[in-house]
Chemist: 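Starting off with a structure, shown below.
FYI, the numbering just counts along the sequence from 1. Atoms within each ligand, like the ligands themselves, are counted from 1 in listed order. Values in this document were obtained by computation on a predicted structure and should not be read as measured data.
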Amino acid sequence: MGIRAGHWDDWALEGLLGQKVETGQRVSLVVPARNEAATVGAVVSRVREALMDTVSLVDEVVVIDSDSDDDTYAVAESAGARVHRSAEIRPDLGTHPGKGEAMWKSLFVTSGDLVVFMDADLHDWDTHFVPGLLGPLLHHPEVQLVKGFYDRPGAEGPLEGGRVTELVARPLIALLFPSLAELVQPLAGEWAVRRTWFAGLSVPTGYAVELAALVDTVRAAGPSAIAQVDLGVRAHRHQALRDLGGMATQILAAALRRSGVSAPHPEWSGDAASDDQNGWGAADGEAVLRQYLRGLEPVERVVPTLERPAAEAYL
Ligand SMILES: O=c1ccn([C@@H]2O[C@H](COP(=O)(O)OP(=O)(O)O[C@H]3O[C@H](CO)[C@@H](O)[C@H](O)[C@H]3O)[C@@H](O)[C@H]2O)c(=O)[nH]1
Ligand SMILES: O=C(O)[C@H](O)COP(=O)(O)O
C-alpha cells in the first residue's frame, strides 16, 4: 500500500471526538512562531474557540516562540495559548535558532499523544485543518505521520507548491526518495504525528524538519505509515527568494546526509578539510551560502544544518 490520501471532511467531528475518548489519546496543537505578531493571535484564538472551548478535540494550544523580537509572545498569550520561549525550554540542552528546534523543544513542554503542527503566518485557512490532520491518526493505527495539502490561491495551477517545493523538494524526491513522490505538498507546515514517533526521529533544527521526518518515516515504516489530507485552501506570507536560499540549503543538507553524503568529496572543496571544517566551508553543523546582491560583492549567509538527536533520549 502507498501513501493513504483523504479529504478533511472524510471524518465527522463527532466520530473523531468519540475515537479520541475511546482510545484515550490527548491532542496538542503546536505553533512554532518567529516574529508572527500579525497573525499568530488569530491562529490561536480560532483553534481554541472551535476545538477546545466548544468541543474537546484539542487539549492544549502551545506556541513556541522561536527567538522573536516582536510581540509574538504577548499576542499569542492573550489569544489563549500557553507560550514558551524555545531558548528557555530545557536550558540544559542548549539552544539553536530555527523552526525545527522549536518543534523539537515542544516535545518537552507538551503532553499530547498526537501532536498537530500549524504555521503561525497563515492568513487564508480554517480550523478544520486540525480535525482533518487528526483523522488518519485516530482511525488508522498504522499511520504515524499525516501531511496536509491544499490549493494555494494565486498559484499558476491547482496544487502547485511553493518555490522551494517545486525547485528543490520535488526534484530531490524524484532523484533520491521516490516513495515520497505521491505527496502533493511535502513541505507543508501543517502536519500531525504521534508523539512517540516524532520523539524517535532526528530533527534538523531549521527548515529541513519536514523533509527529514518524511524520509525517516518512509524508510523506517514504509509508505503506509504516512497519510496526506486535502485541507482545502491555504495561503501564507512569502519569504524573499534570497531567504529561501537558506531554506533550500538546509533541505539539501538533510537530504544529502540521508544519502550518505555528509560533506563534499575532497575533490569538490579545493582545500583539504581541516579538523574544525566540514568541507562545506564552515564549522560542522553549518554551511556558508554565498549570494550576490549586486556585482561581484558577495553576501555570505551562515546556514545552520545541525540536527537534534531523537528527543526520547532526554524526555
Ligand atoms: O526560525 C524560525 C523560522 C520560522 N519559524 C516559524 O515556522 C513557520 C513557518 O515558517 P515560514 O518562514 O513561514 O516558512 P515557509 O517559507 O512558509 O516554508 C514552508 O516550507 C518549510 C520547509 O519545509 C516549512 O517548514 C514551512 O512550515 C512551510 O510553510 C512560521 O510559523 C514561522 O514563524 C520559527 O518558528 N522559527
Ligand atoms: O513551500 C515552499 O516551497 C516555500 O515555503 C516557498 O513558498 P512560496 O513560494 O509560497 O513563498
Side-chain angles (χ1 to χ4, degrees), residues 29-44 47 62-73 75-76 81 83-87 89 95-106 116-125 129 133 145 147-157 159-173 180 183-192 203-215 231 233-255 303-304 306:
L29 174 73
V30 170
V31 181
R34 177 170 161 77
N35 295 339
E36 304 288 9
T39 43
V40 71
V43 171
V44 168
V47 171
V62 178
V63 169
I64 308 293
D65 184 342
S66 172
D67 310 318
S68 298
D69 44 31
D70 70 356
D71 289 337
T72 291
Y73 190 109
V75 171
V83 189
H84 295 269
R85 288 193 175 87
S86 184
I89 299 171
T95 186
H96 298 286
K99 182 195 184 209
E101 170 80 357
M103 292 161 73
W104 187 79
K105 285 279 185 84
S106 76
V116 181
F117 296 112
M118 266 181 62
D119 285 355
D121 67 331
L122 305 184
H123 52 80
D124 196 349
W125 66 284
F129 283 18
L133 291 168
L145 190 162
K147 290 296 286 191
F149 70 93
Y150 33 72
D151 278 337
R152 293 161 32 98
E156 274 179 30
L159 306 184
E160 186 192 75
R163 290 161 286 171
V164 180
T165 303
E166 298 299 345
L167 298 175
V168 178
R170 275 199 230 291
L172 274 176
I173 286 170
L180 297 175
L183 288 170
V184 180
Q185 297 287 358
L187 300 189
E190 289 64 43
W191 56 291
V203 175
T205 57
Y207 283 112
V209 48
E210 277 80 26
L211 188 77
L214 289 170
V215 170
L231 298 178
V233 173
R234 174 217 195 243
H236 70 143
R237 174 186 34 75
H238 300 282
Q239 299 197 53
L241 185 58
R242 75 177 74 92
D243 294 328
L244 292 180
M247 177 190 291
T249 305
Q250 291 180 325
I251 290 171
L252 282 163
V303 182
L306 200 72

Chemist: Who's the nearest protein heavy-atom neighbour of atom 6 (C) of ligand 1, and how far?
Modeler: P32 O, 3.5 Å

Chemist: Less than 4.5 Å apart, any side-chain heavy atom of F117 and any of E210?
Modeler: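 Sidechains of E210 and F117: no contact.
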
Chemist: Using a 4.0 Å cutoff against the non-hydrogen atoms of A120, which atoms of ligand 1 qualify?
Modeler: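 This gives 30 (C), 31 (O) as the contact atoms.
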
Chemist: Looking only at protein heavy atoms, identify the closest one to atom 13 (O) of ligand 1 and say how far it is in Å.
Modeler: D121 OD2, 2.9 Å

Chemist: For E36, which part has a heavy atom under 4.0 Å from ligand 1: side chain, backbone, both, or neither?
Modeler: side chain

Chemist: Measuring from non-hydrogen atoms of R237 to any atom of ligand 1, is the shortest distance under 4.0 Å?
Modeler: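 Right, R237 reaches ligand 1.
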
Chemist: Of V44, V63, V40, which meets side chain to side chain contact (heavy atoms under 4.5 Å, CB included) against V75?
Modeler: V40

Chemist: Which atoms of ligand 1 have any heavy atom of Q239 under 4.0 Å away?
Modeler: 11 (P), 12 (O), 14 (O), 15 (P), 16 (O)

Chemist: Between atom NE2 of H84 and atom CD1 of I89, what is the distance when rounded to the nearest 0.5 Å?
Modeler: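 Reported value, rounded in 0.5 Å steps: 6.0 Å.
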
Chemist: Can you tell me which residue and heavy atom of the protein come closest to atom 36 (N) of ligand 1, and the distance to 0.1 Å?
Modeler: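 Protein heavy atom with the smallest distance to atom 36 (N) of ligand 1: S66 OG, 2.8 Å.
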
Chemist: Only heavy atoms of R234, strictly under 4.0 Å: list the atoms of ligand 1 that pass.
Modeler: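 Ligand 1 atoms under the 4.0 Å threshold to R234: 29 (O).
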
Chemist: Considering residues at least two apart in sequence or located in another chain, which fulfil the side-chain hydrogen bond (donor to acceptor under 3.5 Å, both in side chains) criterion with D67?
Modeler: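 None.
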
Chemist: Looking at atom 10 (O) of ligand 2, what's its closest protein heavy atom, distance included?
Modeler: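 Looking at atom 10 (O) of ligand 2, the protein heavy atom closest to it is R152 NH1, 2.8 Å.
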
Chemist: Which residue and atom name correspond to the protein heavy atom nearest atom 12 (O) of ligand 1, and how close is it?
Modeler: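 The closest heavy atom on the protein side is Y207 OH, 2.6 Å.
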
Chemist: Kindly indicate whether the side chain of L29, heavy atoms from C-beta on, has any atom under 4.5 Å from the side chain of M118.
Modeler: yes

Chemist: Checking a contact table here: which protein heavy atom is nearest atom 6 (C) of ligand 2, and how many Å away?
Modeler: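 For atom 6 (C) of ligand 2, the nearest protein heavy atom comes out as R163 N, 3.6 Å.
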
Chemist: Any donor-acceptor pair under 3.5 Å linking the side chain of D151 with the backbone of V233?
Modeler: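 Pair absent, no side-chain N/O of D151 close to backbone of V233.
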
Chemist: For atom 1 (O) of ligand 2, find the nearest protein heavy atom and state the residue, atom name and distance (0.1 Å precision).
Modeler: T165 OG1, 3.3 Å

Chemist: For V164, take its heavy atoms, then give the atoms of ligand 2 lying under 4.0 Å from any of them.
Modeler: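 Counting from 1, the qualifying ligand atoms are 2 (C), 3 (O).
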
Chemist: Considering only NZ, NE, NH1 and NH2 on the basic side and carboxylate oxygens on the acidic side, decide whether E190 and K147 come within less than 4.0 Å.
Modeler: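 No, no charged N to carboxylate O under 4.0 Å.
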
Chemist: Counting only heavy atoms closer than 4.0 Å, does ligand 2 sit against the backbone of H236, its side chain, both, or neither?
Modeler: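 Just the side chain.
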
Chemist: Which protein heavy atom lies closest to atom 23 (O) of ligand 1, and at what distance to 0.1 Å?
Modeler: E210 OE1, 2.9 Å

Chemist: Using a 4.0 Å cutoff against the non-hydrogen atoms of G189, which atoms of ligand 1 qualify?
Modeler: 27 (O)

Chemist: With a 4.5 Å cut-off on side-chain heavy atoms, are L167 and L244 touching?
Modeler: no

Chemist: Counting non-hydrogen protein atoms only, what is the nearest one to atom 8 (P) of ligand 2? Give residue, atom name and distance.
Modeler: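 Looking only at protein heavy atoms, the one closest to atom 8 (P) of ligand 2 is H238 ND1, 3.3 Å.
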
Chemist: With sequence neighbours left out, write down each residue that passes side-chain contact (heavy atoms from CB on, under 4.5 Å) with S86, or none if nothing qualifies.
Modeler: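 By the side-chain contact (heavy atoms from CB on, under 4.5 Å) rule, S86 matches I64, E101, A102, K105.
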
Chemist: Report the residue from T165, V215, I251, V164 that forms a side chain to side chain contact (heavy atoms under 4.5 Å, CB included) with P186.
Modeler: T165

Chemist: In the protein, what heavy atom is nearest to atom 7 (O) of ligand 2, and what distance, to one decimal place, separates them?
Modeler: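 Ranked first by proximity to atom 7 (O) of ligand 2 is G162 CA, 3.5 Å.
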
Chemist: Looking only at protein heavy atoms, which one is nearest to atom 15 (P) of ligand 1, and how far off is it?
Modeler: M247 CE, 3.7 Å

Chemist: Of all the non-hydrogen atoms in the protein, which one sits nearest to atom 8 (C) of ligand 1, and at what distance?
Modeler: D119 OD1, 3.5 Å

Chemist: Quick test: of every protein heavy atom, which one is nearest to atom 28 (C) of ligand 1, and how far off is it to 0.1 Å?
Modeler: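 Residue, atom and distance for the closest contact: L187 O, 3.5 Å.
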
Chemist: Side chain, backbone, both or neither: which applies to K99 and ligand 1 if a contact is any heavy-atom pair less than 4.0 Å apart?
Modeler: both

Chemist: Find all atoms of ligand 1 within a distance of less than 4.0 Å from any non-hydrogen atom belonging to H236, and give their numbers and elements.
Modeler: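 What qualifies from ligand 1 is 17 (O).
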
Chemist: Less than 4.0 Å is my threshold; does some heavy atom of A33 fall inside it relative to ligand 1?
Modeler: yes

Chemist: With a distance cut-off below 6.0 Å to the six-membered ring centre and an angular limit of 45° from the axis, does R85 pair with Y73 as a cation-pi contact?
Modeler: yes

Chemist: If the threshold is 4.0 Å, N to carboxylate O, is there a salt bridge linking D119 and K99?
Modeler: yes

